[in-house]
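Just below is one structure, and these are the notes that go with it.
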Amino acid sequence: MFTRHRAVILKLCSAIFMFGAWEIAGRIPVSFAFPTFFESLAAFWVLIMDGSMFRAYAETLKPLVIGVLISGFFGIAIGLWIGLNRAFDWLVSPIFVVMQTAPLAALIPLLVMAYGIGLTSKVFVVCIMAMPVIVLNTAGAVRNTSVSLIEMGKAFLGTRRDIILKIILPSASPVIFAGLRLGVSAGFIGAILAELKITPTGVGDIISYSRSIADYPSMYAAIASIIVLAVLFLNLLERLEGFLFKGNRKTLVSD
Amino acid sequence: MNTTITENAVAVRNVYKNYGDVEALRDLSLDFPKGQLTSLLGPSGCGKTTLLKIIAGLLPANSGEVLVNGQPVSGPGPDRAFVFQDFALMPWASTIRNVAFGLELRGVAKSEREAVAEKYIAAVGLKGFENSYPHELSGGMRQRVGLARALSVNAEVLLMDEPFSAVDEQTRRKFQEDLLGLVQNENKTFLFVTHSIEEAVYVSDQVAILLPRPSRVSEIIRPQGFRNKDVDSIRRDPEYLDLVDKIWASLRSYVE
Ligand SMILES: Nc1ncnc2c1ncn2[C@@H]1O[C@H](COP(=O)(O)OP(=O)(O)OP(=O)(O)O)[C@@H](O)[C@H]1O
Ligand SMILES: [Mg+2]
């Protein structure tokens, strides 16, 4: 209980420190285009009250949620397959390594040419950002499953399916979840990037519109809101992991 | 009971095993009579685990064959259960799930398999730790979880790879006595790897002494006189003491 309180207090301190630094940097000011924390907070309030923030998220969340779901599901599935099958590994892994290192901004025009400026292209951008790290983490974790646990599964007559579902996946889950967390963060970046580079909609629209009229507090309010949302979502993912694999978490700490 | 003809539960015939350039087993043959306990005793790295895994059907031999109840082994089977040297417990599973895992993989219903698991958890002295995770147990306790898991599938042949290596001396002695009870009362065959000469002589119907790599059986010793004696007096039996000395004499040349 005590440590739990301490964690909350320390997190609050960290937030206060960050916002404080922001406020000070805004007051110096670092740049005339950099508003203070409280100015941005006020702008955020206005955006909430006139409903434009909600309308923006209704747009932005579409490619984000679809892209993250696709990346999560197919990312884990493909990663699992790569981890289990050497030949498939050689065939497919390079694609994801390239995807991970490719300069996305340069690829966006290609995507737009192929899929237009609609939702499809944006979903693609989110996937390109989110999927590689999920795939590569999953594959690595699956490949590193303890040989002796797999032998144990075989010795006690587990089928291939049993061994994958009951041994390989649970044992890989900490690293898979680490990949998911990284992938989801990258997906958030991808969603905003898509809106800035393809067509300004949703939160990307608030950012580019308020920049064009030099309304910097609104611009930073929009940027900060996406970061806050990402942090909340990552926390949720962590809870899910703790709930699904109780023993694992503790082992990582102690072993 | 007919004691002159003993069937072999497991027969190993001319088995060779190489790991790349490392020759682990060379032309190893050994019989494991049904209902008896056979110890494998030999220097570290001589191939005891390898032999057990070949018998379990977890590793293929390069040549030769292994028969279990007269049938050649092609893979793991319900007639054999393994106690792993490194315990092989699932860190994300509680004691009871780990112990019941063999039954879970056989499709036994949850309530039924947990009832069986509870019985064996109590038998190895872990009552009260059913819901603990492996990292919450000591090394010796983890080893006992692995032991309970192998016992709970009720296999005819138990392949035990140093099953008591991590438990304390008191528990070890109690387990040795329990093991003698098991051998006597249940018609099971035990293949028991140990590094302890005393332990091997104490619990075994036959002790197979293996040579260093590439491994073959150098000698088979069958304690005769004290097997039917009271468990407490075995350690003072002259034959027991003689055998311990004799085995030490033949093993010490490899240590030096
Ligand atoms: N997977 C493997 N790959 C390569 N070599 C191996 C492998 N497993 C075992 N060996 C080698 O085979 C030999 C026998 O190993 P094994 O584990 O069977 O020994 P052991 O008798 O069980 O030893 P210990 O008493 O220390 O457990 C060792 O020299 C080891 O180096
Ligand atoms: Mg060994």
Side-chain angles (χ1 to χ4, degrees), chain A residues 3 76 79-80 83-84 86 137-138 140-181 237-255, chain B residues 49-50 52-59 73 75-108 113 131-139 142 145-146 149-155 157-161:
Chain A
T3 49
I76 292 177
L80 186 61
L84 293 174
R86 275 272 131 200
N137 264 41
T138 304
V142 165
R143 213 175 290 127
N144 284 329
T145 308
S146 145
V147 177
S148 99
L149 279 185
I150 294 176
E151 256 179 1
M152 184 278 291
K154 287 184 186 153
F156 287 99
L157 306 179
T159 57
R160 177 124 177 100
R161 192 186 135 91
D162 285 332
I163 288 172
I164 292 173
L165 291 181
K166 296 184 172 183
I167 294 177
I168 294 178
L169 273 181
S171 109
S173 74
V175 182
I176 294 180
F177 269 94
L180 273 178
R181 279 195 289 275
L237 207 60
E238 212 162 301
R239 295 258 162 110
L240 176 71
E241 180 187 3
F243 171 75
L244 282 179
F245 301 101
K246 258 201 233 137
N248 257 357
R249 225 173 164 57
K250 295 174 221 145
T251 13
L252 279 185
V253 177
S254 69
D255 282 17
Chain B
T49 299
T50 304
L52 239 49
K53 284 189 176 164
I54 291 173
I55 296 171
L58 293 170
L59 277 180
V73 165
D79 46 4
R80 282 153 289 152
F82 208 110
V83 180
F84 290 87
Q85 188 171 10
D86 61 358
F87 318 156
L89 303 183
M90 303 178 291
W92 58 88
S94 59
T95 299
I96 190 144
R97 176 141 191 253
N98 266 302
V99 172
F101 194 62
L103 296 171
E104 181 180 338
L105 292 178
R106 280 163 212 216
V108 177
R113 67 180 189 246
N131 296 314
S132 306
Y133 289 93
H135 71 274
E136 296 166 330
L137 305 175
S138 71
R142 287 181 212 174
V145 174
R149 177 177 56 199
L151 292 172
S152 66
V153 296
N154 196 24
V157 177
L158 277 135
L159 306 164
M160 307 170 104
D161 199 353

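In the text below, chain A, chain B and the rest are named by the order of the sequence lines, each starting its count at 1. Computation of the quantities below employed the complete heavy-atom set of this structure, encompassing side-chain atoms and omitting hydrogens, waters and symmetry-equivalent molecules.
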Results of side-chain contact (heavy atoms from CB on, under 4.5 Å) for A:Arg160 - residues two or more places apart only: A:Leu84, A:Ile164
Atom group of B:Leu159 that falls short of 4.5 Å from chain A, counting heavy atoms: neither
Qualifying residues under ring pair (Phe, Tyr, Trp, His ring centres under 6.0 Å), relative to B:Phe84, sequence neighbours excluded: B:Phe82
Heavy-atom side-chain proximity of B:Phe101 to A:Ile167 below 4.5 angstrom: yes
Part of B:Pro134 lying under 4.5 Å from any heavy atom of chain A: neither
A:Ile163 portion near chain B, given a 4.5 angstrom heavy-atom threshold: neither
Residue selection (most heavy-atom pairs with chain A, distance under 4.5 Å) from B:Ala155, B:Gly77, B:Ala81, B:Ala56: B:Gly77
A:Asp162 side chain to A:Thr159 side chain, donor-acceptor N/O pair below 3.5 angstrom: yes
Chain A contact via B:Phe87 - side chain, backbone, both or neither, heavy atoms under 4.5 Å: neither
Residue pair A:Ser148, B:Asp86: steps toward the side-chain hydrogen bond (donor to acceptor under 3.5 Å, both in side chains) verdict: CA-CA 8 Å; A:Ser148 99; B:Asp86 61 358; 3.0 Å; yes
